[in-house]
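What you are looking at is a predicted structure, and each value in this text was computed from that prediction instead of being measured.
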Amino acid sequence: MSDPNDALKPISDIINAEPVKNLLSPLTKEVGELIGTVANCARFYATENLEKIFTKWANAHRSGYTIEPEAFKKIMPLLPLASMVGDDELQDKWALLMESTATEGGSLPSFGQTLFQLTAEEVQYLDRLWKLVLTPTGYTSEHRFGREPLSYSQLMQVFDPDINTEVNPAELKIFEFTEEQKANYERLGYAQLVIEDLIRLGILVDRKTPFEQSQAVLRSQYSFSQYGVAFMQAVTQKDAVR
């Protein structure tokens with residue numbers, strides 16, 4: 001995977017092309033200087049971000065041995081994306097992903113792409129869901145580790161217990177809603193968007209199952225996918241997995 005600063009190179013090449021120089025002169029020099037400044041800033045923050053992530057990785061490393069060059073090669077595809085992550089909590093996850101990738105089997109290269117597309121709030125939400133499905137119940141079985149079914153109401157309760165899900169969108173157009181009700185409706189919509197995003201990424205799956213009373217009426221039953229289970233294991237502290 002290429003350096004994130006490479007995204008600036010095509011712009012620089014275009015600016016330095018002779019026809020563009022003639023068109024933009026005397027702006028070309030100023031624009032070129034701007035591109036150089038942006039590139040320098042990108043390199044600075046990328047270096048700073050990776051330094052923080054590697055420090056976190058060193059603190060999370062519990063294998064008791066030094067990472068060998070061959071193991072380090074496994075994490076190299078993660079570095080360009082990781083270098084663009086400035087959020088402290090997301091950096092924790094990148095450190096754990098690097099540790100899993102370097103020291104364990106079963107970590108896919110796509111885990112980096114998946115993690116890069118998650119927000120800090122989505123990561124927090126996934127951690128809470130993961131803790132829920134790993135909580136022992138009378139229905140928990142080893143062969144379904146991490147794949148216990150979740151209802152829509154459970155997903156919403158875990159996302160935000162204060163959300164009122166009994167909202168009819170049609171009522172919003174007919175009745176005068178209070179500001180609190182409008183805020184709740186917006187929060188509900190955002191929660192639904194997050195759930196759909198996690199399904200899009202393949203972390204969660206939505207299986208339609210018939211109601212017992214009617215085979216014609218279907219309801220959604222959610223769970224972590226097999227991919228989602230492996231992903232969560234890769235970005236979770238090992239002493240928190242079981």
Handout entry: Polar side chain donor-acceptor pair, E121 to Y190, under 3.5 angstrom
Key = yes
Exercise for the section: Hey, could you give me the CG/CD distance between L201 and Q117, rounded to the nearest 0.5 Å? Expected result: 5.0 Å
Handout entry: D92 bridged to K52 by N-O distance under 4.0 Å
Key = no
Exercise for the section: Apply side chain to side chain contact (heavy atoms under 4.5 Å, CB included) to the pair Y222 and V205, showing each step before the final yes or no. Expected result: CA-CA 6 Å; Y222 303 86; V205 291; over 6 Å; no
Practice task
Enter the distance from M232:CE to K93:NZ here, rounded to the nearest 0.5 Å.
Solution key: 5.5 Å
Practice task
Group every Ile, Leu, Val, Met, Phe, Trp and Tyr by side-chain heavy-atom contacts under 4.5 Å, then state whether L90 and W130 land in the same group.
Solution key: yes
Exercise for the section: Write down the atom of E148, the atom of S223, and the distance for their closest heavy-atom approach. Expected result: O-CB, 3.8 Å
Fill in the blank from the handout: K56 and A95 have their tightest heavy-atom pair at CB-CB, 3.6 Å
Practice task
Tell me whether I75 is reachable from F231 by hopping between hydrophobic residues (I, L, V, M, F, W, Y) whose side-chain heavy atoms are closer than 4.5 Å.
Solution key: yes
Practice task
State plainly whether the residues D162 and R187 are in salt-bridge range, i.e. N to O under 4.0 Å.
Solution key: no
Handout entry: side chain to side chain contact (heavy atoms under 4.5 Å, CB included) between I195 and M156, intermediate numbers included
Key = CA-CA 9 Å; I195 293 169; M156 284 296 172; 4.1 Å; yes
Exercise for the section: Please confirm whether F111 and Y227 have ring centers closer than 6.0 angstrom. Expected result: yes
Exercise for the section: Find out if a path of hydrophobic residues (ILVMFWY) with successive side-chain heavy-atom gaps under 4.5 Å connects W57 to L96. Expected result: no
Problem - L198 and its side-chain contact (heavy atoms from CB on, under 4.5 Å) partner, picked from T114, I203, L193 - result: I203
Problem - Over all atoms of both residues, closest heavy-atom pair of F224 and L126 - result: CE2-CD2, 3.9 Å
Problem - Test item: S153 and T165 side chains (from C-beta on) under 4.5 Å apart, heavy atoms - result: no
Practice task
Rounded to the nearest 0.5 Å, what's the gap from OG1 on T101 to CE on M98? Could you check?
Solution key: 8.5 Å
Handout entry: Exceeds 12 heavy-atom contacts within 6.0 angstrom, atom CD of E51
Key = no
Exercise for the section: Starting at CG of L132, measure out to CG of D127 and round the result to the nearest 0.5 Å. Expected result: 12.5 Å
Exercise for the section: Enter the distance from D160:CG to Y125:OH here, rounded to the nearest 0.5 Å. Expected result: 10.5 Å
Handout entry: Considering all heavy atoms, the nearest A102-A71 contact
Key = O-CB, 3.4 Å
Handout entry: Side chain proximity check, F116 to M84, heavy atoms < 4.5 angstrom
Key = yes
Exercise for the section: Give a yes or no on whether the backbone of S110 and the side-chain of Q113 come within a donor-acceptor separation of less than 3.5 Å. Expected result: no
Handout entry: Side-chain donor/acceptor of R128 to backbone N/O of V158, under 3.5 Å
Key = yes
Exercise for the section: Please tell me if the side chains of L129 and L204 come closer than 4.5 Å, counting only heavy atoms from C-beta onward. Expected result: yes
Exercise for the section: Say whether Y152 and V194 are linked into one hydrophobic cluster, either directly or through other cluster members, by side-chain heavy-atom distances under 4.5 angstrom. Expected result: yes
Handout entry: Any residue meeting salt bridge (Lys or Arg N to Asp or Glu O under 4.0 Å) with E48, in chain and number order, not counting sequence neighbours
Key = none
Completion exercise
Nearest heavy-atom contact between T135 and K131 is OG1-O, 2.8 Å
Exercise for the section: Examine the side chains of D206 and S220 and answer whether a donor and an acceptor come within less than 3.5 Å of each other. Expected result: yes
Problem - Pair V133-F145, side chain to side chain contact (heavy atoms under 4.5 Å, CB included): steps then yes or no - result: CA-CA 8 Å; V133 299; F145 172 74; over 6 Å; no
Handout entry: N49 to S83 - nearest heavy-atom pair and separation
Key = ND2-O, 2.8 Å
Exercise for the section: Give, for atom CG of L79 and atom CH2 of W94, the distance between the pair rounded to the nearest 0.5 Å. Expected result: 9.0 Å
Exercise for the section: For the pair V235 and V123, evaluate side chain to side chain contact (heavy atoms under 4.5 Å, CB included) and give the outcome as yes or no after the intermediate values. Expected result: CA-CA 10 Å; V235 297; V123 164; over 6 Å; no
